[in-house]
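Contents: one structure, followed by commentary.
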Amino acid sequence: MPGPILRLALPSPLRRLFDYLPPAGVPASSLRPGVRLRVPFGRREVIGILVESGEHSEVPADKLKAATELLDGQTPLPESLLRLCQWTARYYQHSLGDTLSWALPVLLRQGEPAEARQEQVWHLAEGASADDPRLARAPRQREALKAIAQHVHGVPQALLGKLQLNRSSLELLLEKGLLRIEIRRCNAPPAPHHGSWLLQPALTFNDEQRIAFEAVRASLGSFHPFLLAGITGSGKTEIYLQLIQAVLEAGKQALVLIPEINLGPQTLARFERRFNARIALLHSNVSDRERLDIWLAARDGEVDIVIGTRSALFTPLKSPGLIILDEEHDASYKQQEGLRYHARDLALVRARQEQVPILLGSATPSLESLHNAHAGRYALLKLTRRAGGASAPRFLRLDVKSRPLDSGISGPLQQAIAQTLQAGQQVLVFLNRRGFAPTLLCHDCGWTSQCQRCDARMTLHQRHSELRCHHCGHVQRQPLRCPDCGKVDLRPVGAGTERAEERLNTLYPDYPVLRIDRDSTARKGSMEKLLATINRGEPCLLVGTQMLAKGHHFPRVTLVAILDADGGLFSADFRASERMAQLIVQVAGRAGRAGEPGKVIIQSHMADHPLLVQLTEQGYFAFAEQALSERRAASLPPFSHLALLRAEAHKPGQAEGFLDAACQQAERLVNEQGLGGIELLGPVPAPMERRAGRYRAQLLLQSNTRPALHQLLGTLLPHMEQLPGGRSVRWSLDVDPIDLF
DNA sequence: AGCACGCCGACT
DNA sequence: GTCGGCGTGCTC
């Protein structure tokens with residue numbers, strides 16, 4: 001029997017629930033977990049979510065307030081979603097209320113009804129035609145009919161004005177039985193036509209694909225994690241498609257997660273070509289209203305396939321059948337602010353909770369996932385053959401020690417590029433650094449383009465005559481003379497994509513150079529334009545950042561040049577080599593697909609670095625084994641578990657002082673609770689101590705076991721909320737950080 | 001977080 | 001004289 005005390009999760013960083021009395025006149029039976037209630041909170045009103053009911057409250061009776069309104073009379077939030085959020089909040093040591101704020105559509109947090117809205121949609125009636133004799137003397141009606149006929153899925157009421165259709169012609173057509181009105185949900189994907197789920201026949205599998213497909217299909221209906229490790233072009237997507245087909249045939253829904261890049265439309269198009277099904281795409285440009293409508297439709301089973309980026313993980317499904325997470329190694333699955341969750345890890349939890357199989361796919365799986373596969377936690381499915389018989393690219397490590405670099409491009413590389421272009425083929429030049437040059441230097445007095453607010457140099461963007469800080473976004477005009485000594489001898493140091501583009505233009509004046517990075521594709525449609533040019537297939541040069549490495553296929557590229565592999569070999573970040581290897585393999589995978597074998601030239605000052613040798617001579621999986629054994633030896637993840645406490649403050653030393661106090665607390669707790677195998681590393685100033693005008697520090701907690709780490713965090717955080725100075729210091733916890741900066 | 005309260009510096 | 005800076009306290 002539910003008691004009179006309601007325990008609510010509220011949108012607040014405070015890691016606890018708040019007790020309320022039921023709103024006046026609302027029967028206790030309608031107060032089920034997951035309903036939203038409007039409540040007074042401090043001096044404002046917020047929307048909370050009922051987590052549980054109880055008989056008693058610790059809170060003194062005179063402080064207890066009553067909720068003002070019950071928002072969800074009929075349908076509470078799906079229990080499965082609530083459960084996932086509770087797990088998430090506990091794992092990431094985050095407030096449940098705030099976790100729900102990240103997980104739910106904004107409009108639900110603002111009190112919008114959690115019920116589907118209906119709209120009227122105008123359709124052409126069966127057998128209706130513009131040649132109907134009754135329209136011979138009704139030109140306006142005939143035009144209106146033609147306009148409606150253009151829209152296969154009908155015209156929603158709201159769009160009539162935009163199409164300049166007036167109500168009266170439509171009414172007359174309706175009376176004549178030439179139009180009909182359908183009532184359907186707003187923003188719901190169009191209902192499938194009757195008949196088969198397939199619009200296009202499935203492709204034929206090779207043996208490896210069949211084995212992988214059968215393994216996952218056999219596990220439909222129960223929790224089972226799979227790691228699909230398939231080289232670029234080995235046909236992973238076809239496996240996804242045929243598994244989804246099996247899910248649709250079983251009357252269930254599929255959730256497909258993709259990285260945060262422009263792959264959404266491409267993926268959607270491919271799915272829409274194959275399936276006669278209701279497909280919804282969730283990405284960052286979907287409006288709040290649409291997002292809510294899709295959320296509701298998925299919850300009600302009115303969508304068959306949900307495709308989306310990180311946050312789509314929290315889309316409720318009425319009858320989930322399968323979760324697919326493509327490019328599972330991609331860092332965009334990890335949220336880097338607020339609730340710092342990893343969608344890949346949470347997808348696993350969700351799959352287990354909902355008893356569905358989950359398929360993680362990648363050509364370059366993360367070391368974490370490979371480790372899980374080795375440990376038997378995931379079934380490993382390998383695809384080693386390229387479909388269509390294209391051969392794997394050949395790698396060439398080019399030692400640039402003591403070679404002159406011309407805007408980052410060595411002599412031998414210049415020759416290789418020239419040969420490729422002369423052979424009528426395309427070249428891809430990869431450089432993971434935007435702008436013209438990372439620094440501007442006064443040759444006379446040594447001044448550099450230091451950012452005012454960060455411990456970093458501002459990057460020269462020559463095309464816009466600007467210096468930009470890539471860390472805080474500060475922009476200023478490019479100085480013509482040195483701000484310190486006034487001399488006119490400012491020199492760009494180092495090279496970014498803009499400089500490489502300029503140099504390549506000079507070196508190969510007969511061929512177009514296309515730059516692809518965040519700056520060149522910022523305007524809508526510019527990426528499509530660039531891709532269209534590339535796909536025409538004429539010889540040209542592509543220069544760009546990791547944007548080039550993801551998803552798109554360039555069949556006419558036969559030479560890939562990686563200008564600088566050293567960052568991945570020298571960095572202090574223990575994940576740098578893994579990321580570099582993934583990037584190299586992913587970029588290499590863009591080349592040589594149409595029968596012509598691809599060549600990949602990697603410039604490095606450490607051309608015989610063991611990891612680079614391993615990667616280029618024996619492939620990604622050999623590299624990964626080597627990297628994993630190094631991680632094991634150093635007790636780094638996945639052989640240990642990390643949590644990172646970050647703090648920042650306006651005054652120097654303040655953040656460090658705060659973390660010092662936290663560290664002492666943590667030490668005490670470790671001793672009190674006899675927690676072994678935990679190390680507290682720090683606090684230390686962050687690798688870039690000053691950023692956006694704030695001084696930053698961090699404290700790393702490392703543990704041999706996950707339970708010990710979580711036990712420590714569970715007791716440490718409540719103390720930290722009460723630490724003095726907690727208000728002038730902004731701090732946050734990152735469980736399983738993926739970069740330590 | 002959000003929002004109020006409260007106590008000290010340069011401005012209409 | 002006050003407008004407003006951010007330290008500190010609280011939210012069932």
Side-chain angles (χ1 to χ4, degrees), chain A residues 2-24 26 28 31-71 82 85-86 88-89 92-111 311 335-341 453 645-659 661-662 692-696 717-734:
Chain A
I5 303 294
L6 310 177
R7 284 194 241 290
L8 304 193
L10 300 184
S12 146
L14 301 169
R15 291 170 178 77
R16 60 191 120 123
L17 301 178
F18 291 83
D19 295 357
Y20 283 88
L21 298 169
V26 171
L31 293 170
R32 286 171 290 164
V35 296
R36 291 173 301 155
L37 291 145
R38 202 182 294 280
V39 294
F41 185 57
R43 260 153 264 245
R44 61 212 165 103
E45 214 169 47
V46 298
I47 288 169
I49 286 148
L50 180 59
V51 176
E52 57 191 23
S53 303
E55 294 298 331
H56 306 287
S57 176
E58 305 287 301
V59 180
D62 60 331
K63 279 197 150 184
L64 273 182
K65 296 177 185 170
T68 47
E69 188 191 353
L70 171 64
L71 291 164
L82 209 56
C85 287
Q86 277 172 317
T88 303
Y92 291 103
Q93 298 288 326
H94 203 84
S95 128
L96 176 58
D98 198 51
T99 301
L100 285 158
S101 295
W102 283 102
L104 294 176
V106 194
L107 292 182
L108 282 188
R109 282 143 46 191
Q110 292 171 357
S311 64
Q335 171 137 314
Q336 294 289 29
E337 44 153 356
L339 170 63
R340 304 175 86 104
Y341 67 95
R453 311 167 66 214
L645 269 169
R646 298 169 216 263
E648 52 180 58
H650 287 292
K651 292 182 198 141
Q654 220 174 13
E656 228 174 319
F658 175 80
L659 289 182
R694 287 199 167 84
Y695 293 86
R696 313 181 304 149
L717 280 250
H719 281 107
M720 289 193 56
E721 282 183 349
Q722 271 151 43
L723 239 39
R727 266 169 299 286
S728 45
V729 175
R730 272 209 332 218
W731 63 275
S732 67
L733 174 68
D734 192 347

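Please read these numbers as outputs of a predicted model, since none were measured by experiment. Each chain gets a letter, A, B and so on, in the order the sequences are listed, and its residues count up from 1.
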- Hey, which of A/R646, A/Q335, A/Q93 is the one that makes side chain to side chain donor-acceptor pair (under 3.5 Å) with A/D734? A/R646
- Rounded to the nearest angstrom, tell me the gap between atom CZ in A/R730 and atom C1' in C/dC6. 15 Å
- Task: Kindly write out the residues that satisfy side chain to side chain donor-acceptor pair (under 3.5 Å) with A/E648, not counting sequence neighbours, or none if the list is empty.
- Result: A/R730
- Short question: side chain of A/R36, backbone of A/I47 - any donor-acceptor pair under 3.5 Å? no
- Task: To the nearest Å, give me how far apart NE2 (A/H650) and C1' (C/dG5) are.
- Result: 12 Å
Check nucleotides 8-10 of chain B for protein N or O atoms closer than 3.5 Å to its own N or O atoms and list the pairs.
none

- Item | Side chain A/T99, main chain A/C85, donor-acceptor under 3.5 Å | no
- Task: Could you pull out the closest heavy-atom pair between A/V51 and A/Q86, with the gap in Å?
- Result: CG1-NE2, 3.3 Å
- Message: Without decimals, in angstroms, what is the distance between A/K651 NZ and C/dC6 P?
- Response: 11 Å
Shorter than 3.5 Å, N or O on both sides, protein versus nucleotides 10-12 of chain C: list them out with atom names.
{"residue": "C/dT11", "atom": "OP1", "partner": "A/K63", "partner atom": "NZ", "Å": "2.3"}
{"residue": "C/dT11", "atom": "O3'", "partner": "A/G42", "partner atom": "N", "Å": "3.0"}
{"residue": "C/dC12", "atom": "OP1", "partner": "A/Y20", "partner atom": "OH", "Å": "3.0"}
{"residue": "C/dC12", "atom": "OP1", "partner": "A/P40", "partner atom": "O", "Å": "3.2"}
{"residue": "C/dC12", "atom": "OP2", "partner": "A/G42", "partner atom": "N", "Å": "3.3"}
{"residue": "C/dC12", "atom": "OP2", "partner": "A/K65", "partner atom": "NZ", "Å": "2.2"}
{"residue": "C/dC12", "atom": "O3'", "partner": "A/D19", "partner atom": "O", "Å": "2.6"}
{"residue": "C/dC12", "atom": "O3'", "partner": "A/K65", "partner atom": "N", "Å": "2.9"}
{"residue": "C/dC12", "atom": "O2", "partner": "A/D19", "partner atom": "N", "Å": "2.8"}
{"residue": "C/dC12", "atom": "N4", "partner": "A/R16", "partner atom": "NH1", "Å": "3.3"}

- Residue of the set A/V46, A/V39, A/L96 for which side chain to side chain contact (heavy atoms under 4.5 Å, CB included) holds with A/L8: A/V39
- To the nearest 0.5 Å, tell me how far A/L6 CG sits from A/L17 CG. 11.5 Å
- Of all heavy-atom pairs linking A/S12 and A/F41, the shortest is CB-CE2, 4.3 Å
